Every structure is written in C-alpha cells, then in structure tokens.
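Notes to accompany the following structure.
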Amino acid sequence: MRLSLGVVLCLLVCTTVFAADRARVRVVTIHDPITPVTAQFLHRTLDDAARNGDSLVLVELDTPGGMDTAMRQIVKNIFASTTPLAVYVAPSGARAASAGAYICLAADVCAMSPGTNIGAAHPVTPGEKADKIMEEKLVNDAEAYAEGIARKRGRNETLARRMVRDSISLSADKALSGKIIDLIAQDRAELLQQLEGRRITHNGREMVLRLAGAEAIPAEMRPGERILNAISNPNVAYVLMMLGMLGLFFELSNPGVILPGVIGGISLILAFFAFQALPVNYAGVLLILLALVFFIAEIKVVSHGMLTVGGVIAMVFGSLLLFESPASYLRVSWSVILVTVLATAGFFSVAIAKALRVHRLKPATGPEGLLEQEGHAESEIAPEGKVFVNGEYWDAWSDQPIAAGSRVMVERVAGMRLKVRKVI
C-alpha cells in the first residue's frame with residue numbers, strides 16, 4: 001500500500017514538472033478586416049503571452065486588409081513584443097491582403113497554407129480620390145514602410161516594394177521561393193512541427209524555438225471587444241445609424257415615450273464608434289438626414305407623394321455614398337441598403353397614411369364635435385327651447401318652429417347655445 005502511494009505521488013510530481021516545462025503556444029485567430037479593435041486585441045494577447053511565459057504567439061490570419069493606423073499599431077506591437085510571433089495564413093483559400101501583408105512581413109516567422117495568397121498592398125484612400133501628388137506621397141510612404149519591415153526581418157525587399165507599388169499578389173509557392181515567407185504548412189500541427197528547433201532572431205538576439213508537444217491555448221476576444229468588432233462592420237454601423245436617427249425622431253415627436261430615445265441614443269453612439277474605423281463620407285450622412293426631413297414634411301405638407309419619393313431617392317444615394325471606398329469590405333451591401341430603405345420608406349408611408357386619415361376624421365370633442373350631431377327637442381322651440389344632444393341638455397333656437405319630441409340636428413354652436421334644424 002505504501003509502495004503504491006509512493007508511485008502515485010512520484011507520477012503526480014513528474015506530471016506537474018512536465019506540465020510546467022511544457023511549451024505553450026498562444027493562438028490568435030483573425031478572420032476579419034484589420035480594425036482598432038483587432039489591434040487592441042492583439043496587443044492584449046501579446047502582453048498576456050509575455051506575462052505567462054508563452055513560447056510563441058501564433059496568428060492564424062485571413063484578412064482582406066483594413067485600416068492603416070491599426071495595421072501600423074500591430075506592427076509596432078509585434079516589434080516591441082518580448083514573445084516571438086508567427087503569422088500563419090490559413091486555411092486554404094485564405095489571404096493576407098493589403099494591411100495583412102504588412103503584418104506578415106513583420107512577423108518573426110511567416111507561414112502560409114497551400115492555396116493562399118499574400119500581397120495587393122497598394123494604399124487606398126477612403127472617400128474622395130486623392131490628387132496625383134497626394135496619392136504618390138501615400139504610395140511612397142507605404143512602399144518605404146514595407147521595405148523597412150522586410151529589411152528588418154531579412155525578407156525580399158524588392159518583392160515587398162512591388163506588393164505596394166504594383167499591387168502584386170503572390171501564391172504560397174511564389175512567396176516562399178521569393179523569400180517573402182519562411183515556410184508552407186498544411187495545418188497547424190505541421191507548422192509547429194516545422195518550427196521545432198528553428199533558429200530565429202528576436203529583438204536582436206538569437207533564440208531556438210522549442211515547441212515539441214506544445215500546448216495550444218486559444219486567445220479569445222472579451223465580450224466588449226467582440227461587440228465593438230462586430231459593429232465595425234459597415235452593414236452593422238449603417239443599420240445602427242438608421243435606428244439611432246429613427247429612435248431620436250420618435251422621441252422628439254412624442255416626448256416622454258423614453259424607449260425610442262434610449263435605443264436611438266445608444267445606437268447612434270455605437271454607430272459613431274464604428275465610423276472611426278470606416279471611411280465615412282458625411283455627404284451621405286446629410287443625404288440620409290435630408291430623406292428623414294422629407295418623410296416628416298410629407299405629414300405636414302400636401303405634396304401628393306413627391307416628398308416621399310424624394311426621401312427614398314435621397315436615402316438610396318446617401319446610403320451608397322455613406323462608406324465610399326474601392327474596397328468592397330468597407331461598403332454597405334446592396335441587400336442591406338434595399339431592405340433598410342424599403343422598411344424605412346414603408347414605415348413612414350404607413351405613418352403618413354394614418355396621419356392623413358386622422359386629419360380627415362370629423363372632430364369628436366369640443367364645439368366642432370357637436371356639429372351635425374342629432375338629438376331631439378325636449379320642448380317646443382319657437383324660436384327657443386330645450387334640446388337633448390350628445391347626452392346633454394342644451395338651450396337651443398331655430399329659424400323655424402319645432403314641435404317637442406321632434407328629431408333635430410345641430411347647425412351651429414354659439415357659446416352654450418345651439419342652433420338646430422328639424423330632421424325630416
């Protein structure tokens with residue numbers, strides 16, 4: 001019994017020591033455009049990896065590109081990190097385009113899965129097209145940045161410049177033969193196997209990667225980061241802006257309802273956050289506001305539907321101009337625009353129809369509500385007498401004598417007296 005207990009204790013101690021010495025790889029998955037939220041998430045992950053003594057941070061990347069400022073922040077964080085970082089463009093069919101190409105160049109180790117591509121890093125200006133001189137400045141700056149990163153990591157500077165200047169995109173095989181990347185791997189397991197024992201230069205010193213039997217620890221975004229990352233999508237930002245405008249409109253139209261104002265305020269604030277990561281054209285915002293003004297004016301002004309038509313046209317053009325960018329992932333999709341415009345126009349059309357119907361209703365209270373109301377004569381009216389109308393007794397007069405008990409109709413209200421006529 002004592003022998004068995006001793007064996008168990010030895011096994012536990014050995015297991016604990018082995019677990020403590022086992023290498024850890026922090027795995028970050030980025031399958032979206034590069035945004036400030038992405039940069040914040042990666043920065044936090046690198047800090048966590050350094051604090052926990054992880055052997056490597058592995059970024060599994062598939063991105064069409066993203067914001068220049070966010071990309072540069074990520075590159076600076078990679079260079080400042082005390083933990084080595086590898087970028088793996090995966091799975092097959094993935095890409096590291098535009099901002100993603102710079103991140104690959106900056107990595108200590110860059111790998112690609114077969115069937116992936118890297119490049120097309122020519123800078124794109126959001127909104128209006130830059131003039132020729134400004135565009136040349138942007139290209140020169142981006143080209144020099146890519147060249148500097150490639151030189152620091154010992155990669156092909158010529159191809160790095162061409163990815164910017166000529167927007168070339170390379171397959172995994174060509175990127176490997178051109179010394180833009182370091183290796184090709186079918187999957188994560190094969191990648192870690194190839195990295196075992198690899199010598200790299202990190203922060204000016206040589207080190208050897210020891211990843212045999214490494215434990216892969218997935219890095220997860222916090223709930224707040226997930227929400228902010230989701231609303232950075234132009235489709236989500238667009239819908240939030242529309243909800244915000246409509247909510248505030250209804251709150252201002254009906255003070256005290258509260259709920260539309262609360263939803264509208266929150267939606268607008270979230271939309272404004274998303275706008276800082278998107279190429280917003282404020283001419284589009286103004287056109288959408290103008291469309292709402294047209295819809296509201298239709299209720300007050302008889303335009304026979306012309307204001308509604310103008311509102312729909314303004315909203316369509318405003319939606320198309322809102323995020324003006326050559327990159328498709330930075331524009332609102334046609335399907336979202338169509339559904340939103342039709343839903344908004346339909347809602348306002350129904351509201352306008354209801355309002356017009358209410359305006360045409362006969363007044364039910366006050367002096368106007370008594371006009372054309374029927375009652376009966378409580379006494380003879382010759383020319384004055386008493387009538388019973390709308391549940392009440394009134395003093396009344398008539399141009400012609402009316403016998404008691406006859407049916408009467410109100411023609412006019414004068415203070416507390418009614419002028420009536422006999423109903424035949």
Side-chain angles (χ1 to χ4, degrees), residues 23 25-32 34 38-39 41-50 54-63 65-66 68 70-91 94-113 116-121 142 145-157 159-160 163-164 169-170 172 174-176 178-185 187-188 190-196 198-209 211 214 216 219:
V25 175
R26 188 84 52 165
V27 181
V28 181
T29 302
I30 300 176
H31 288 173
D32 296 296
I34 305 301
T38 311
F41 169 50
L42 188 55
H43 176 66
R44 180 173 59 80
T45 301
L46 288 170
D47 286 346
D48 290 344
D54 295 341
S55 303
L56 180 73
V57 173
L58 175 61
V59 177
E60 295 184 344
L61 186 65
D62 178 15
T63 180
D68 177 79
M71 174 271 294
R72 289 176 184 260
Q73 185 61 50
I74 289 174
V75 170
K76 286 190 285 187
N77 290 335
I78 292 173
F79 286 156
S81 173
T82 58
T83 305
L85 181 138
V87 173
Y88 180 38
V89 184
R95 57 178 168 167
S98 192
Y102 290 90
I103 296 172
C104 287
L105 290 173
D108 294 287
V109 179
C110 183
M112 295 176 70
S113 178
T116 57
N117 63 283
I118 182 174
Y145 192 59
E147 181 182 9
I149 296 173
R151 183 182 296 119
K152 181 176 177 65
R153 293 304 191 198
R155 308 194 192 282
N156 190 322
E157 297 174 27
L159 279 180
M163 285 195 297
V164 177
S169 187
L170 305 171
K174 290 184 177 180
L176 181 62
K179 296 184 179 179
I180 285 292
I181 65 172
D182 302 298
L183 48 92
I184 295 176
D187 52 33
R188 187 194 299 170
E190 183 181 334
L191 173 63
L192 295 178
Q193 186 178 4
Q194 292 189 50
L195 290 178
E196 169 62 23
R198 186 181 184 90
R199 290 184 176 273
I200 63 170
T201 301
H202 180 71
N203 288 344
R205 63 185 181 87
E206 282 197 2
M207 61 186 302
V208 179
L209 296 177
L211 304 175

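Heads up: numbering here begins at 1 and tracks the sequence. Note: hydrogens, waters and symmetry copies are ignored here, and every other heavy atom, side chains too, is used. Quick caveat: nothing in here was measured; it's all calculated off a predicted structure.
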- Under 3.5 Å, side chain of Tyr88 to main-chain N/O of Asp187, donor-acceptor pair present? yes
For [X], all residues meeting side chain to side chain contact (heavy atoms under 4.5 Å, CB included), sequence neighbours excluded:
X	result
Thr83	Ala49, Ala50, Val57, Ser81
Asn77	His43, Leu46, Gln73
Leu176	Ile181, Ile184
Ala214	Ala23, Val25, Leu211

[X]: which residues meet the side-chain hydrogen bond (donor to acceptor under 3.5 Å, both in side chains) condition with it, sequence neighbours left out?
X	value
Arg44	Glu225
Ser169	Asn117
Glu157	Arg151
Ser113	Ser92

- Can you name the salt bridge (Lys or Arg N to Asp or Glu O under 4.0 Å) partners of Glu190, sequence neighbours left out? none
- Message: Going by the rule salt bridge (Lys or Arg N to Asp or Glu O under 4.0 Å), which residues pair with Asp68 if we only count those two or more places apart in sequence or in a different chain?
- Response: Arg72
- Message: Tell me every residue that passes ring-ring contact (aromatic ring centres under 6.0 Å, His included) with Phe41, counting only those two or more places apart in sequence or in another chain.
- Response: none
- Item | CA sep, side-chain torsions, deciding dist, call: Asp182, Arg155, side-chain contact (heavy atoms from CB on, under 4.5 Å) | CA-CA 9 Å; Asp182 302 298; Arg155 308 194 192 282; 3.0 Å; yes
